[in-house]
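Here the structure is laid out as C-alpha cells; the discussion comes afterwards.
If you read the sequence from its start, that first residue is 1, and numbering goes on from there. The analysis underlying the following values was restricted to heavy atoms, covering all of them including side chains, and did not include hydrogens, waters or symmetry mates.
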Amino acid sequence: MDQNQIQHDMHYLQLLSTTFPTVAAASTEIINLEAILNLPKGTEHFLADLHGESAAFKHVLKNASGNIRRKVSELFKGDIRETERRELCTLIYYPEEKIELIKAAEKDIDDWYHITIHRLVAVCRDVSSKYSRSKVRKSLPQDFAYIIEELLHERTDDINKAEYVSVIVDTIISTGRADDFICALCNVIQHLAIDQLHILGDIYDRGPGAHIILDTMKQYHSWDIQWGNHDILWMGAAAGNDACICNVLRLSLRYANMATLQEGYGINLVPLATFAMETYGDDPCTEFIPKLLKGNTMDDKTIRLIAQMHKAISVIQFKTESEIFKRHPEWNMEDRCLLESINNENKVCRINGKEYEMFSCNFPTVFPESASGKAPCFQLTNEEKTLMQKLHHSFRVSEKLRKHIKMILSHGCMYTICNQNLLFHASCPLNADGSLKEVELYKGSKFSGKELMSQIGMIVRAAFQNDTEPDYKQFARDYFLYLWCGKDSPLFDKSKMATFERYFLKDKTTYKEEKGYYFQLRDNEAICDNIMDAFGVKGDNRHIINGHVPVHASKGENPIKANGRLMVIDGGFSEAYHSETGIAGYTLVYHSRGFELVQHEPFMSAEDAILRGIDIKSTTQLVEHSARRMRVADTDRGNELRSQIEDLRKLLYAYRHGIIKEQK
C-alpha cells in the first residue's frame, strides 16, 4: 500500500472512518461489496416516446414488458393450467382489483389464500434471486418486511421449517391480513422485476395521460429520462416561453386532447375558447379540425369550437415564434416568419421566390380589414396580448406542472451513459462527412458532441434558476423554441418544421422536412463508433440507443441498425402512430444474458386485463446474447463498488498501522 497515497487521502479516510469505525466494520463491508460484485447484473428496461399513453405504460411497468408472465410460465409450467397462470399474472399486475373479483366468486377463500400466497412467494423468490438480501429488504413494505423475508428464505420442503412456514401463512389469513399481504407481495414482485428504467424522452403530447405517467414515476424506485423534444416544449412552457405555450396548446387541440392541460395541470382554456369564437366565429376552420383518436367521441359543435381554438392559437404561435426568431438572427430562422410572405389578396404564400396557393386566407388578426396599412405580421393584437397574458399566468402558477418539470430536471438531462450504452432522444448533429458538427450557443460560443449536449443541459437549467443573469436567462428561455424546431437542435435536426405549410399550403411538396446528417448516416457502424468515442463510451459491447423517429415495423424496417451498434426503440407507443408503425411500442430489455427487444401490440384496457386476464401481446427478439452471464462487476455499479472497496482497504491499512485510530 502506497503510504503517500494514504496521506493524500487522509481527509477522506477520516470521514470514511465515521461510517466504518473499526477494522471489523470495514472488513465486513468489503466482504459484502465483493459478494455483490458477483451477483447477476440487474435488469434494465428502456422505453421511448410514451406520448401520454399512461394506461399502456403503467401496464408495461406492471408486467415488466412480459418478463413476469415468462417467469410465471417457467415456474409453474406442467404444475398448473394456463388459465391459472394467466389469473396469477393478472393478480400480480392488479392485486386490489383482482382480489375483489375473486372474493365475489370464490367459495373457499381461505384455500385460495393459501395456494396463492405460496405461488406468489415462489415468484417473488425467483425475481429477487439476483439481488443481495440487503437490497431486497429495502424494497419490502414496512408492515410485512419481516414476514416476506422469512417466507423468501424458508421453504415448506425443508422438513425442519415446514410447520414454521405453514403457521406464518395460517396466521396471515386468520388475522384478516391476507388481502393486504398479497397486495404488498405483488408490488414487491413488480418492483424487483425491473432494476432500472430508462425513458428516452417524449412523455408529453398526443395521448391523454402525460401527467399520470409522471405521477407514476414520482413513486418509482429507480429511473432516469433523456429529454425529448416534446418534454422540452412543456419545459419551455413552464419556464414562460410564450411560443412554447402556444405549441403545447396547439398540439393538444390538434388531437382533441385537453386532459393533461385541464385535468392534470388546471390550465384555464376558457379565455382561448372565448377569443376563438369571437374572432373565428364565421370561419369553418376546415384545416384545423382535430384528429380524433379511437374512443374520442365529440359532437359537431365541440369539434367546431376546438377547430376555432386550434386556428386561433396557431396564428398566435406563428407570431410569437417570429418575434423570437427576429430576436435571434444567429439562429438563421427568419425564413420561418411566413406570415410576412402571405399575399392576402391573391391567397398565395411566397417561399424561396415561388408562390404557393393557400387553402384559405382568413387572418383577421394579421390583416385586419379596418387597418389603413399593413402592421407587422408578428405583432399581437391587443386582444391576443390579453389572451396570452392569461395563458402565460395559467402555466406559470400551475403547481403540479412545476413539480413535474422539477422531476424531469432532477432525473434527466440531454444524454446519459450507462453500462456502455449512450442514451439520447433523437440526434447528435453531424456534418456531411459524419464528423461532429459545431453548433453555436450563447454569444457565439460553439460546441459539438458531448460538450454540446452538456452545455444545452446547463442552458435548460438556467431558465429555472433564480440567480441566473437576466440576459442569459432570457436567452435560455428563448432557446427552448430552438430546441423544439431549430435546424441544428439535437432534439429536432431537420431542415424545418413545416407546421405552417401543412395547415395552409396546398402543395404537399412544401411539407417535406429534410432530416439532418445523423439520421442519414446512423446506419454506418464507423460513424456510430466515432460518436461513442467522442462521448467516451468504452468497451467492445457498446451501443447508441435512441427514440424519436418511429420505426415502421409493418414495412419491414429493423430497429437494430449499424450492425447492432445503434438501436432505435420508438415503435409507436402513441395510438396516433399505431397505423403508421403497425405495432404499439418497444421495450428494450438488458439483463444478465444480453439484450432483448420486446415488441408490443396495442393495449386494450386495464378493465380487460382484470376481468378477462388479457395481457399485452408481445413478441421478443433476441438482439445480443452474452456467452457468459454478466455480473454486477461488469457494470458501472461494479466500477463504483471496486472504488469503494479500494478506499475501504486503504482505511484498513490506516487502522492496522495506527495512522487512524479505531473508534471502539
Side-chain angles (χ1 to χ4, degrees), residues 1-45 127-140 145 149 152-153 191-192 194-198 220-224 410-413 415-423 450 454 535-542 590-593 626 628-664:
M1 187 71 68
D2 187 346
Q3 290 218 25
N4 291 330
Q5 188 63 46
I6 296 292
Q7 292 298 327
H8 181 269
D9 295 338
M10 273 298 292
H11 181 67
Y12 171 66
L13 293 177
Q14 290 282 5
L15 289 174
L16 191 62
S17 71
T18 62
T19 304
F20 304 100
T22 65
V23 167
S27 299
T28 299
E29 184 65 6
I30 290 172
I31 294 167
N32 176 48
L33 297 181
E34 288 281 9
I36 291 173
L37 285 172
N38 289 281
L39 286 170
K41 173 194 175 297
T43 302
E44 300 172 74
H45 283 228
V127 298
S128 65
S129 61
K130 63 168 61 178
Y131 304 118
S132 66
R133 285 197 183 189
S134 174
K135 183 165 183 173
V136 173
R137 191 178 301 121
K138 290 173 184 176
S139 72
L140 302 180
E149 193 167 9
L152 288 179
H153 300 111
H191 180 127
L192 294 175
I194 301 174
D195 189 40
Q196 177 73 20
L197 177 66
H198 305 285
Y220 204 71
H221 57 279
S222 185
W223 66 284
D224 55 67
S410 64
H411 283 267
C413 203
Y415 77 97
T416 294
I417 299 171
C418 184
N419 296 330
Q420 301 179 23
N421 297 307
L422 172 59
L423 319 180
K450 180 179 180 179
S454 299
F535 277 80
V537 185
K538 307 293 185 183
D540 297 328
N541 191 40
R542 58 184 185 168
Y590 185 25
H591 48 63
S592 60
R593 296 294 186 187
S626 176
R628 178 183 64 85
R629 193 173 192 189
M630 285 175 280
R631 302 170 301 154
V632 172
D634 302 313
T635 68
D636 294 344
R637 176 63 176 153
N639 293 333
E640 294 171 9
L641 294 181
R642 278 189 288 269
S643 178
Q644 292 174 28
I645 290 168
E646 179 63 25
D647 291 337
L648 286 164
R649 291 192 183 280
K650 290 178 185 177
L651 180 60
L652 275 182
Y653 182 92
Y655 281 147
R656 286 170 174 160
H657 288 78
I659 301 170
I660 296 176
K661 295 186 185 304
E662 291 185 78
Q663 302 170 36
K664 293 183 178 179

Note to self: Quick test of your reading: applying ring-ring contact (aromatic ring centres under 6.0 Å, His included), list the pairs with at least one residue in residues 628-664, sequence neighbours left out, ordered by first then second residue.
What the structure shows: Tyr653-His657
Note to self: Give me each pair satisfying ring-ring contact (aromatic ring centres under 6.0 Å, His included) with a member in residues 3-45, each pair once, sequence neighbours excluded.
What the structure shows: none
Of all residues at least two apart in sequence or in a different chain, which pass the salt bridge (charged side-chain N to carboxylate O under 4.0 Å, His left out) check with [X]?
| X | answer |
| --- | --- |
| Arg593 | none |
| Asp195 | Lys135 |
| Lys130 | none |
| Asp636 | none |

Check: Between Arg642 and Leu37, is any pair of side-chain heavy atoms under 4.5 Å apart?
Finding: yes
Note to self: When you compare the side chain of Tyr131 with that of Ser139, does any pair of heavy atoms fall below 4.5 Å?
What the structure shows: no
Margin query: Can you list everything that forms a ring pair (Phe, Tyr, Trp, His ring centres under 6.0 Å) with His221? Sequence neighbours excluded, please.
Written below: His191
Check: Can you name the residues that form a ring pair (Phe, Tyr, Trp, His ring centres under 6.0 Å) with His591, not counting sequence neighbours?
Finding: none
Next item on the list: Would you name the heavy atoms of Met10 and Ile659 that are closest together and state the gap between them?
Entry: SD-CG2, 3.6 Å
Notebook entry, point to check: Which heavy-atom pair separates Leu651 from Ser17 by the least distance, and what is that distance?
Noted result: CD1-CB, 4.0 Å
Margin query: Could you check whether any side-chain N or O of Lys41 sits under 3.5 Å from a backbone N or O of Tyr590, counting only pairs where one atom can act as donor and the other as acceptor?
Written below: yes
Check: Name the one of Arg629, Arg631, Arg628 that satisfies side chain to side chain donor-acceptor pair (under 3.5 Å) with Ser592?
Finding: Arg629
Item checked: Reference residue Glu44; test side chain to side chain donor-acceptor pair (under 3.5 Å); the match among Asn419, Thr635, Asn421 -> Asn419
Notebook entry, point to check: Could you go step by step and tell me if Gln14 and Ile660 meet the side-chain contact (heavy atoms from CB on, under 4.5 Å) rule?
Noted result: CA-CA 7 Å; Gln14 290 282 5; Ile660 296 176; 4.1 Å; yes
Next item on the list: Drop me the distance from Leu197's CG to Ser222's OG, to the nearest 0.5 angstrom.
Entry: 8.5 Å
Item checked: Leu39 side, atom CG; Ser129 side, atom OG - distance, nearest 0.5 Å -> 9.5 Å
Under the side chain to side chain contact (heavy atoms under 4.5 Å, CB included) rule, collect the residues that match up with [X], sequence neighbours excluded.
| X | result |
| --- | --- |
| Arg137 | Arg133, Ser134, Glu149 |
| Gln420 | Asn541, Arg542 |
| Lys650 | Met1, Gln5, Ile6, Asp9, Leu13, Glu646, Asp647 |

Margin query: Run Ile194 and Thr43 through side-chain contact (heavy atoms from CB on, under 4.5 Å) and show every step you take.
Written below: CA-CA 6 Å; Ile194 301 174; Thr43 302; 5.9 Å; no
Note to self: Pair Leu423, Ile417 - check side-chain contact (heavy atoms from CB on, under 4.5 Å), show working.
What the structure shows: CA-CA 6 Å; Leu423 319 180; Ile417 299 171; over 6 Å; no
Item checked: Whether Trp223 and His411 hold their rings parallel, tilted or perpendicular, with breakpoints at 30° and 60° -> parallel
For residues 25-34, dump all side-chain donor-acceptor pairs below 3.5 Å to protein atoms at least two apart in sequence or in another chain.
| from | atom 1 | to | atom 2 | distance (Å) |
| --- | --- | --- | --- | --- |
| Ser27 | OG | Val23 | O | 2.8 |
| Thr28 | OG1 | Ala24 | O | 2.8 |
| Glu34 | OE2 | Arg649 | NH2 | 3.4 |

